[in-house]
Amino acid sequence: MTRWQAGSFELLSTVSLASAEITLLQLIGKGGQSKTIKELARATNRTDIPNIQYSLRKLASAGLTRKQGAGRSGVTYSLTEEGCHVSERLQDVRERLLLQALAGHPDLTRRLHSAAETLEELTELFGVAVRQAEARSGS
């Protein structure tokens, strides 16, 4: 999966990014709202905040993201105009390539839709379990 992500990115940019950085770029662009490091860490299931900060600095140096605010809780990250453009193009390239690859495999497409529905349901169940655990522990 990481090779697929990096390969797709290389089709449209000369900036050298690792898969983790490409993932952060896509997450920051998702939903059109700025994201905190905590939100990015949670979305990627990562706890290595210094490495996430390094990736965010690398994205900013490439002109793809910007940092707003100050302090631990007031800092958010958003895409620059170039970052939005690259993120949108990446999404288009990935969708086009995947649709082409799946075109000759209708049964696989059906099974993937079913798997995606199952994963969404599991995500909701885990979310409920986490909220219940947090409520019990007083977090």
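Positions are given from 1 along the sequence. Worth knowing before you read on, the calculation uses all heavy atoms, side chains too, and leaves out hydrogens, waters and symmetry mates. Please read these numbers as outputs of a predicted model, since none were measured by experiment.
- Results of the side chain to side chain contact (heavy atoms under 4.5 Å, CB included) test with Leu64 over Leu56, Leu24, Leu59 single out Leu59 as the only residue that passes.
- Side-chain contact between Lys35 and Thr76 is absent, with no heavy-atom pair separated by less than 4.5 Å.
- Using a 4.5 Å heavy-atom cutoff, the side chains of His85 and Arg89 are in contact.
- Donor-acceptor pairing under 3.5 Å is recorded for the side chains of Arg66 and Ser78.
- Residue Leu112 is not grouped with residue Leu98 when hydrophobic side chains (ILVMFWY) are merged at heavy-atom distances under 4.5 angstrom, including chains of intermediate members.
- Residues satisfying the salt bridge (Lys or Arg N to Asp or Glu O under 4.0 Å) test with Asp92, not counting sequence neighbours, are none.
- Residues Thr36 and Val75 have side chains not in contact (no heavy-atom distance under 4.5 Å, counting atoms from C-beta outward).
- At a threshold of 4.5 Å between non-hydrogen side-chain atoms, the residues Gln53 and Ile37 count as touching.
- Closest of all the heavy-atom pairs between Ala41 and Ile49 is CB-CD1, 3.8 Å.
- Identified under the side-chain hydrogen bond (donor to acceptor under 3.5 Å, both in side chains) test for residues 110-126, with sequence neighbours left out: Asp107-Arg110, Asp107-Arg111.
- Heavy-atom minimum distance, Gly29 versus Leu79: CA-CD1, 3.3 Å.
- Contact record, Ser34 with Glu39: O-OE1, 4.0 Å, taken as the closest heavy-atom pair.
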